[in-house]
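Note sheet for the following structure.
Nothing here was measured: the structure is a model prediction, and the numbers come from that model.
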Amino acid sequence: MSRVLVAGVDTSTQSTKVRVTDAATGEMVRFGQAKHPDGTSVNPEAWWQAFQEAAEQAGGLDDVAALAVGGQQHGMVLLDDHGRVIRDALLWNDTRSATNADVLIARLGEAEKAADGSEDDLSDDPTMRGRQRWVKAVGSSLVASLTITKVAWVAANEPENAERIAAICLPHDWLSWRIAGHGPMGEDATAEELKANLDALFTDRSDASGTAYFDATANEYRRDLLAMALGRSEEETADIVLPRVLGPTETGDVADPAIAGKDVEGGCPIGPGGGDNAMASLGLSMGVGDVSISLGTSGVAAAISPIPAYDMTASVTGFADCTGHWLPLACTINGSRISDAGRAALGVDYDELAELAAASEPGAGGITLVPYFDGERTPNRPDATAALYGMTLANTKRENIARAFVEGLLCSQRDCLELVKGLGVDVKRILLIGGGAKSAAVRALAPAILGMDVELPETDEYVAIGAARQAAWVLSGEAEPPAWPVKVETTLTGEPTPQVYEQYVRWRG
């Protein structure tokens, strides 16, 4: 009997990856990958072309019985009434909407605290009160990364584009929709056909919870907040299509047989998909007490929680996960590219960077890098730039500078870990994943700076694995996802160096 195959698709910031997988064991059967263009705003058509190229590299999807898509969170895709993309998608790392985030926070902070005592836990400061009301409404305070701020930016700066909005979706929603055979329609399409085309959009709780116009606890869109961002009334925006939010095992659609499932009886169902961080946690089979630290383009510390997380300090985002739980996380805009910047500055490769860093000492001789090269989200400093502190004639050496770059990267992730702990998460295990986890320098210093042993799962594409695991779950109809083994390459150990993080905190402020 031939084995059943499923596919996990990861449409990330930098590329699309397609992993064809054995549904019973999780074993990879075939794989393909294609790059995305650089930049913080991208024509979604580039994702479609990359998906087709990656699928072809993976040997095609004709024999795939189910698939799901994991994607970069928060990216804003605007469609007109014919399903055409209105403008380039603004990605999660596009910070042009920072001012719009501030305006929306101020809007919710304007009103005084409720007289009935229901808001006694809110701050007296209007700005902080606004952040806290956003947390209570949608689980997260606003930063430039979140989708609603990008919608507000378009409304304020491109009103002609805002007027054309017929649907708003996210990268993984849009790609799933295209795989199902939907997309731009011709001028001869009927009103019924146009409506059915946009109504076919679907998403999941994890990605929807990153828009800041979806309440993952009530499982409903906050159209009042979306209307506020657009500067219109709810009645004026009521016809804007937002993707159906599916449960963890619901089928969103069936793939166009020209794209996937042609040789499978009944075709290839498409799972709900999810945001990249939630998909990675599903791929890692994470449970309560586990925290993953992912070093990719961004850096993310994420924990599984059985209850909603409302961080009234407004630092941790209370997203949902892909299984019906929650995924409180703290995210930095700057991730593994911090090491890349260090390599470029010193003119070395990865191994040479590690060798230089190892030749220094904890604390890099007193030099600290605050690594906010692209601004920062945690802490919320969108206009910040990176800086080296503590340099003297005596300590300005290549070895110390190399170590400062590695320590700065890990200390920024320690910031995220401390924020997640602050919500009462009892951290029992840290898993280090992502491209940045391949760095010998990061591996050498991670347990010392993070303060505990760190498990290093074998390098793999965990977002794509999570998407494939979801596809297998949808196909099985079981109450729990299939139990696929996660291989741990090694457990990193080291003597904690709390003084390094303390030095970083002093300079970071």
Side-chain angles (χ1 to χ4, degrees), residues 92-93 143 145 276-277 280-281 284 286 290-303 311 315-317 319 327-342 353-354 357 362-364 368-381 384 386 403-423 425 427-457 459 462 491-494 496-509:
W92 62 273
N93 54 352
V143 290
S145 302
D276 50 4
N277 297 304
S281 71
L284 287 163
M286 283 174 57
D290 291 343
V291 173
S292 66
I293 295 180
S294 176
L295 297 178
T297 308
S298 61
V300 181
D311 176 25
S315 300
V316 178
T317 50
F319 296 153
L327 191 76
L329 63 84
C331 177
T332 63
I333 284 178
N334 299 277
S336 60
R337 290 180 298 179
I338 297 169
S339 295
D340 294 337
L353 183 72
T368 294
L369 173 73
V370 178
Y372 303 156
F373 289 95
D374 289 330
E376 193 44 79
R377 168 174 168 174
T378 306
N380 184 29
R381 300 179 187 178
R403 191 175 185 106
F405 270 83
V406 180
E407 289 181 345
L409 166 59
L410 287 166
C411 284
S412 72
Q413 300 315 301
R414 175 71 183 268
D415 274 347
C416 294
L417 180 63
E418 292 302 317
L419 288 168
V420 170
K421 285 181 180 178
L423 289 179
V425 175
V427 179
K428 299 174 182 175
R429 186 171 66 136
I430 295 176
L431 300 101
L432 185 64
I433 61 171
K438 299 175 185 178
S439 163
V442 167
R443 293 183 179 197
L445 302 188
I449 291 176
L450 297 176
M452 61 187 293
D453 291 352
V454 175
E455 289 191 12
L456 198 69
T459 301
Y462 287 102
T491 298
L492 306 172
T493 62
T497 54
Q499 71 275 17
V500 175
Y501 183 59
E502 291 165 5
Q503 176 178 300
Y504 176 85
V505 169
R506 285 197 302 273
W507 287 115
R508 183 252 291 148

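- Residues Y504 and P371 form a side-chain contact, since some pair of their non-hydrogen atoms from C-beta on lies under 4.5 Å apart.
- Note that the CG atom of L409 and the OG atom of S336 stand 7.5 Å from one another [nearest 0.5 Å].
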Please lay out, stage by stage, how D276 and V300 fare under the test side-chain contact (heavy atoms from CB on, under 4.5 Å). CA-CA 11 Å; D276 50 4; V300 181; over 6 Å; no
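- Each of V454, D290, V291 was compared with R429 under the side-chain contact (heavy atoms from CB on, under 4.5 Å) criterion, and only D290 meets it.
- Ion pair R414/E418 flagged as a salt bridge, since at least one NZ, NE, NH1 or NH2 atom sits closer than 4.0 Å to an Asp/Glu carboxylate oxygen.
- Residues V427 and M452 are in side-chain contact: their nearest non-hydrogen atoms beyond the backbone lie under 4.5 Å apart.
- Side chain of T497 to backbone of V500: no donor-acceptor contact under 3.5 angstrom is found.
- Between P457 and L284 the shortest heavy-atom distance is CG-CD2, 3.9 Å.
- By the 4.5 Å heavy-atom criterion applied to side chains, L369 and W507 are not counted as neighbours.
- Although no hydrogens or angles enter the test, the distance criterion places a donor-acceptor pair under 3.5 Å between the side chain of S439 and the main chain of A441.
- Considering only heavy atoms from C-beta on, C331 stays 4.5 Å or farther from T317 through its side chain.
- Note that the CD1 atom of I338 and the OH atom of Y372 stand 9.0 Å from one another [nearest 0.5 Å].
- Atom CG of L432 and atom OG1 of T491 lie 11.5 Å apart (nearest 0.5 Å).
- The shortest non-hydrogen separation linking V420 to V316 is N-CG2, 4.2 Å.
- When side chains are defined from C-beta on, N334 does not count as touching S412, because their heavy atoms never get closer than 4.5 Å.
- Formation of a donor-acceptor pair under 3.5 Å by the N380 side chain with backbone atoms of V143 is not found in this model.
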Could you go through R403 and L445, starting from their C-alpha distance and side-chain angles, then the distance that decides it, and tell me whether this counts as side-chain contact (heavy atoms from CB on, under 4.5 Å)? CA-CA 9 Å; R403 191 175 185 106; L445 302 188; 3.3 Å; yes
Assess the residue pair D374 and N93 against the criterion (side-chain contact (heavy atoms from CB on, under 4.5 Å)); give the C-alpha distance rounded to whole Å, side-chain angles, the decisive distance to 0.1 Å, and a yes or no. CA-CA 8 Å; D374 289 330; N93 54 352; over 6 Å; no
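- Side-chain contact between D311 and P328: absent, with no pair of heavy atoms (C-beta onward) separated by less than 4.5 Å.
- Listed by chain and number, the residues in a salt bridge (charged side-chain N to carboxylate O under 4.0 Å, His left out) with R381 amount to none (sequence neighbours excluded).
- The OG1 atom of T459 lies 6.0 Å from the CG atom of L456; values are rounded to the nearest 0.5 Å.
- Here T378 pairs with nothing under the side-chain hydrogen bond (donor to acceptor under 3.5 Å, both in side chains) rule; sequence neighbours left out.
- Separation of atoms CG (L353) and CZ (F405) is listed at 9.0 Å; rounding is to 0.5 Å.
- No side-chain donor from either of T332 and E376 sits under 3.5 Å from a side-chain acceptor of the other.
- Note that the CZ atom of R506 and the OG1 atom of T368 stand 7.5 Å from one another [nearest 0.5 Å].
- Under a 3.5 Å cut-off, the side chain of E407 and the backbone N or O of G363 do form a donor-acceptor pair.
- Of the possible donor and acceptor atoms, one in the side chain of S145 sits under 3.5 Å from a partner among the backbone N and O of W92.
- The minimum heavy-atom distance linking L419 with S315 is given by the pair CD2-CB, 3.6 Å.
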